[in-house]
Amino acid sequence: MNQTPPFTESTSPNRLWQLRTRRLEAQKRPLLMGIVNVTPDSFSDGGKFLDRSAAVEHARRLVEEGADIIDVGGESTRPYAQPVEESEELARVLPVIEELVRTVSVPISVDTRKPMVARAALEVGVEILNDVEGLRRPEMREIAAEFLPGVCVMHMRETPETMQDDPTYEDVVAEVCSYLARRRDELVAMGISADRVCLDPGIGFGKKTEHNVALLRGVDQLLALGAPVLIGHSRKGFLGKLMGNMEADRTAATVGVAVAMAMAGVTVLRVHDVLAVRHAVECALAVAPGSAFDR
Ligand code: HH2
């Protein structure tokens, strides 16, 4: 799955993601980005991996389960979450990142909206900058242009503190696509090649259930922008709404949506449940008529 050169000129831009020093290809299935939240308050796994060794051990397990990327975050961005001080976020993630960069084979991604955290993580060797604010801070764009990592540009309405206050859109798919295309053009103009820029509609970030569903159903329009596309739906609240039970375990719902997204040809799935998603996606793609992936 990882680094499978040689790449042909005809390989779809949806299949390739150029990182800082490596190139990933989603050849047989979407790449799986395993989530490691080094936080006390993440909505699903808060407090479980706050300890450095617990976080590292969890990341290793996700790699064994088939993660192609490990995404390390130190600030919850769930709705109404309170921002974390830069120094606190750095103290949470940097020791974990340093150890993972040295000891695991897959590329490490930093999930941050803070320039200081991004820079420190890039200095110790992360390959991907995953910014839920879509690099809207000029300093983030400057850091990206300096280090040239793979970049994940996510759409978010406003900030986590305010994003769920009655979000409204006229045409959510068109608006999110044009925002992401604009952001990508801005990065390309700064010298970051288009193949480094992965686009993410930001499931759950300033969206009602109907908006999340429209974006997932409309993922073809996002893929038509000719970039790698990441979907981060894992265990999110809209799945509880779709199931009609906010208390139910969301693993099966996460897996179901992951299969649908894999069949649509999405490049990267950001998930907590790597093993379950990998098994389901690989089996579904093995039998699905007209899959976008090689078999
Ligand atoms: N979602 C979350 C965090 N980072 N990054 C990208 N690119 N896309 C996403 O959809 C995305 C993301 C929120 O989920 P999680 O990390 O599980 O929770 P929390 O923010 O509470 O730590």
Side-chain angles (χ1 to χ4, degrees), residues 2-3 7 11-26 30-36 67-75 77 89 93-94 97 100-101 106-156 159 176-203 205 219 222-232 266-270:
N2 304 323
Q3 308 172 76
F7 302 103
T11 304
S12 157
N14 296 140
R15 304 265 69 80
L16 297 176
W17 191 8
Q18 178 65 50
L19 310 184
R20 193 162 160 206
T21 66
R22 314 186 202 186
R23 184 140 98 143
L24 293 184
E25 181 179 13
L31 299 162
L32 300 179
M33 177 185 263
I35 302 171
V36 177
D68 303 288
I69 301 166
I70 294 292
D71 189 38
V72 182
E75 177 189 46
T77 46
E89 188 179 327
V93 297
L94 203 61
I97 288 174
L100 291 177
V101 164
V106 305
I108 307 302
S109 159
V110 64
D111 182 352
T112 188
R113 44 191 183 137
K114 300 201 183 66
M116 189 178 108
V117 177
R119 175 175 289 282
L122 285 160
E123 277 170 355
V124 299
V126 303
E127 290 275 334
I128 297 170
L129 177 53
N130 175 25
D131 179 2
V132 297
E133 285 188 355
L135 290 88
R136 65 172 84 141
R137 299 186 199 198
E139 222 184 318
M140 284 300 245
R141 298 198 290 278
E142 283 156 21
I143 289 169
E146 183 183 334
F147 287 89
L148 299 178
V151 170
C152 183
V153 176
M154 199 194 81
H155 175 274
M156 168 167 44
T159 64
V176 168
C177 285
S178 81
Y179 171 91
L180 292 174
R182 242 187 4 259
R183 278 263 173 262
R184 178 185 53 181
D185 292 349
E186 215 174 333
L187 293 171
V188 170
M190 291 180 73
I192 300 158
S193 56
D195 57 356
R196 292 183 190 273
V197 184
C198 182
L199 305 178
D200 177 351
I203 299 300
F205 285 87
V219 76
L222 207 56
L223 287 161
L225 296 176
V229 168
L230 183 148
I231 296 293
V266 157
T267 324
V268 187
L269 295 167
R270 181 183 182 276

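- Remark: Leu223 CG to Asn14 CG distance equals 4.5 Å, nearest 0.5 Å.
- For Thr267 (side chain) and Leu230 (main-chain N/O), no donor-acceptor pair under 3.5 Å exists by modelled atom type.
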Derivation of the side chain to side chain contact (heavy atoms under 4.5 Å, CB included) call for Ile97 and Val126: CA-CA 8 Å; Ile97 288 174; Val126 303; 3.4 Å; yes
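- The heavy-atom pair separating Met156 from Val132 by the smallest distance is CE-O, 3.3 Å.
- Among Leu19, Leu135, Asp131, the single residue meeting the side chain to side chain contact (heavy atoms under 4.5 Å, CB included) criterion with Val151 is Leu135.
- Heavy atoms only, all atoms of each residue included: Pro149 and Ala144 are closest at CD-O, 3.4 Å.
- Of the listed residues (Arg113, His155, Lys114), just one forms a side-chain hydrogen bond (donor to acceptor under 3.5 Å, both in side chains) with Glu133, and that residue is Arg113.
- To the nearest 0.5 Å, atom CG of residue Leu129 and atom OG of residue Ser109 are 7.5 Å apart.
- Expressed to the nearest 0.5 Å, how far CG of Leu269 lies from CG of Leu32 amounts to 6.0 Å.
- Salt-bridge annotation for Arg270 and Asp200: absent, with no side-chain N of the basic residue lying under 4.0 Å from a carboxylate O of the acidic one.
- Interatomic distance, Leu148 CG to Ser193 OG, rounded to the nearest 0.5 Å: 7.5 Å.
- Here the CH2-CG distance, from Trp17 to Leu31, works out to 8.5 Å after rounding to the nearest 0.5 Å.
- Taking Arg119 as the reference, Glu146 meet the side chain to side chain donor-acceptor pair (under 3.5 Å) condition, with sequence neighbours excluded.
- Side-chain atoms of Asp68 and Val106, non-hydrogen and from C-beta on, never get closer than 4.5 Å to each other.
- Nearest approach of Val197 to Ile192, heavy atoms of both residues: CG2-CG2, 4.1 Å.
- For Pro115 against Arg137, the heavy-atom pair with the smallest separation is CD-NH1, 4.1 Å.
- Counting all heavy atoms, side chain and backbone alike, Arg184 lies closest to Leu199 at CB-CD2, 4.3 Å.
- Thr112 and Glu75 share no donor-acceptor pair across their side chains, judged by distance under 3.5 Å alone.
- Taking both residues in full, the closest heavy atoms of Leu222 and Pro201 are given as CD2-CD, 3.5 Å, listed atom of the first, atom of the second, then distance.
- Counting heavy atoms from C-beta outward, Leu187 and Val153 have side chains that approach closer than 4.5 Å.
- Between the side chain of Glu127 and the backbone N or O of Pro107 there is no donor-acceptor pair closer than 3.5 Å.
- With contacts defined as side-chain heavy-atom distances shorter than 4.5 Å, the pair Ile231/Val219 qualifies.
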Side chain to side chain contact (heavy atoms under 4.5 Å, CB included) between Val110 and Ile128, intermediate numbers included: CA-CA 6 Å; Val110 64; Ile128 297 170; over 6 Å; no
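- With values rounded to the nearest 0.5 angstrom, Ile108 atom CD1 is found 9.5 Å from Ile69 atom CD1.
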Audit row: Leu16, Asp195, side chain to side chain contact (heavy atoms under 4.5 Å, CB included) steps and yes/no: CA-CA 7 Å; Leu16 297 176; Asp195 57 356; 5.9 Å; no
